[in-house]
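Quick note: numbers below take in every heavy atom, side chains included, and nothing from hydrogens, waters or symmetry partners. It should be emphasised that the depicted structure is a prediction, and the values quoted were computed from it without experimental measurement.
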Amino acid sequence: MNNPNYRFYLWVLRKLPSRLRSPQNFYFLLNSLSAVVFLVPIGPLMLWLQNPQAGWSCALTAVILSANLVMWRKGLSLVWVHAIYQTTLMFLIFYNAAFTFGVGSSMLVFMGVVPILPVFSVGRTWAVFWVLISFVLLAILFTLQVQGYLPMHPGEDWRNLMQSAICIVILECTQILLVYVYDSANSQNLATLRRNNLRLEKLSSALLIADSHKDKFLAMVSHDMRTPLNAVIGYLGLLHDNRQLSEESKDFVNNAQHAAAHLLTVINDLLDFSQIRLGQLTLHPQVINLPMALRQTFHTLSNQAQEAQLNYRLDISPQVPTWVLLDQNRLSQMLINLLGNAIKFTPKGHVLMHASVASSPNGLDLVCRIEDTGIGMSTSQQERIYQPFTQVYDVTTSLRLSEPMRGNGLGLAITQSLVKSHHGRLLLQSELGQGSVFTLYLPLTVSAEPINPLPAFNLTTSQDPTAIHVLVVDDNDVNRLVVSTTLMRSFPNAIIEQAANGQEGLQKMRSTAFDVVLIDLVMPDMDGSEVVAKVRQSCPEPFCSVPVIALTANVAQDAVDRCNAAGVNEVLAKPFDRQILIRAIRHYTVDKDLPRA
């Protein structure tokens, strides 16, 4: 705060012991020091003016008030030191008035300071008390002067004294009235402030409720969009593998797959952004084959780069460690965001990614440098690209990108948040019209190679003849059909049963020993995690130990935690990745005796 008075107030309080750090003690200290500071030079001045009574009384009062301050500092209560202060001050005023023409003395002007300290230190009641005491002393002084015990000015009579007394009374009453008027105005201001605060609290509560409803709405809409999108992407994948399709039809399917993938990206970005804003973004590091993960992520966008006729290359340094502890999904998400932007905003030329390692104060960093020959960015654009919903385009890019495919402006904002979550860095070098270079630094934890890591499985060329028994539990008919058809393409000898709700799935799992169960989480009659929990708790072997893979559109962390608590072996998001799904099923059936990497 820039208010010098407030800074002085805080400075004084910091110099005091903690027991004296209150506004009342501050006002007592300030008034007492002010009185001492004024009385010290007034004493000699009065002696020079040949008024010895005033001089010695001022000096004595200064000594008493100083001693009073010492006693206050050593622990004497505020009420007692305040009483000593008031008594000493009033004695000084009336003692000097008695020697300088009594009620007509100019010394009585100081009666106006009588109620000041009590008002700020010990309360309004004490202020009124000391004012009444001063009135009593004034009456005594008036009586003594009228009776001739004290001198009067030449030519004065009791009427002149009465006028002076009335003026002094009015002065003190005015001081008290001003305090009460101030209290009244302050009370009105406080009442207005409380009403405004109450209105703001209600508005804040309404906003919090609306915000929570928004998050719930986002999760619900995400689930409702993912469920049909699961069928769309699943059927498009099955169509894409149909060799009887004409080239034109394959082009149609490819375009539809790109549009569906883009829609899924938008949904995922919105969910991630919501989690980041709520501080719920979590990382799940695991031991991964880093070069393989980099290649898989890089080649995810190969088709887009080929369609754009770009030179798309990956270079991985031999120094990159093979096995590291890292969240592969988040690493892929960051790189896909950066590579996707590079491809979208590079009309011609190349997009290159170079992966290496570098030493850092905390150990080893993975360094991913993504370079493009695209449109580049100006300095002002670089300053705002990490802001949510910010997009940078130019005319040449808009010729190649349709409006819906340009993105939602969340990719780099999410990437920056993910980088910070990893305690990494993301640097940018760019010049308008000269391309851009993003350099990603992520801390690495090198790990030992897992025993018997899961071998890679090529979904498009491999079929497994193993006769596995699978149960698919989902309340959506289309989703059950997509999953069943996908499984039959890779496991032609599989026996696949279906359950249309949680209760039916529970009955089947209690009566049949399946090799693996694929279950939806959100169902109208019984939650999927509840079904699994009941099987784990109430069924005998081998029914209670059946491997369960949850396929769910609700990918929030709390849903994953509920699944883990219920005993679900693995959680996969809808729309599911066909290769990941088949690989997981192979792990729990064909390769069930091998530990998973």
Give a yes or no answer on whether the side chain of [X] reaches the backbone of [Y] with a donor-acceptor pair at less than 3.5 Å.
X	Y	result
Y312	F298	yes
N493	P465	yes
S246	S249	yes
R369	H354	no
E530	M526	no
D474	N476	yes

Tell me the closest heavy-atom pair linking [X] and [Y], and the distance in Å.
X	Y	value
L290	P321	CB-O, 3.6 Å
N569	V546	OD1-O, 3.9 Å
G340	L301	N-CD1, 3.5 Å

key: Residues that T322 engages under side chain to side chain donor-acceptor pair (under 3.5 Å), provided they are two or more places apart   =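 By the side chain to side chain donor-acceptor pair (under 3.5 Å) rule, T322 matches no residue at all.
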Does a donor on one side chain and an acceptor on the other come within less than 3.5 Å for [X] and [Y]?
X	Y	result
Q296	T300	no
R330	Q333	yes
S356	S317	no

request  = First locate atom CG of L440, then atom CG of N337, and finally report the distance between them rounded to the nearest 0.5 Å.
outcome  =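 Result: 11.0 Å between the selected atoms.
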Steps toward side-chain hydrogen bond (donor to acceptor under 3.5 Å, both in side chains) verdict (S302, Q306) = CA-CA 6 Å; S302 295; Q306 290 176 3; 5.5 Å; no
task = For H469, enumerate each residue passing the ring-ring contact (aromatic ring centres under 6.0 Å, His included) test, keeping only those at least two apart in sequence or located in another chain.
result =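 Only F514 meet the ring-ring contact (aromatic ring centres under 6.0 Å, His included) criterion with H469.
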inquiry  = Any salt bridge linking D475 with R480? Criterion: basic side-chain nitrogen under 4.0 Å from a carboxylate oxygen.
reply    =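 Result for this pair is no, no salt bridge flagged.
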inquiry  = Testing E371, M377, E431 one by one against S436 for a side chain to side chain contact (heavy atoms under 4.5 Å, CB included), which residue passes?
reply    =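 Output: one option passes, namely M377.
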query = Does the side chain of D515 reach to within under 4.5 Å of the side chain of I495, using non-hydrogen atoms?
reply =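 No - every pair of side-chain heavy atoms lies 4.5 Å or more apart.
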request  = Report the residues that fulfil salt bridge (Lys or Arg N to Asp or Glu O under 4.0 Å) with E383, sequence neighbours left out, ordered by chain and then residue number.
outcome  =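 Partners of E383 under the salt bridge (Lys or Arg N to Asp or Glu O under 4.0 Å) test: none.
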task = Determine whether more than 12 heavy atoms belonging to other residues, nucleotides or ligands lie under 6.0 Å from atom CD of E541.
result =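 Yes - once you tally the heavy atoms of other residues, nucleotides and ligands closer than 6.0 Å, there are more than 12.
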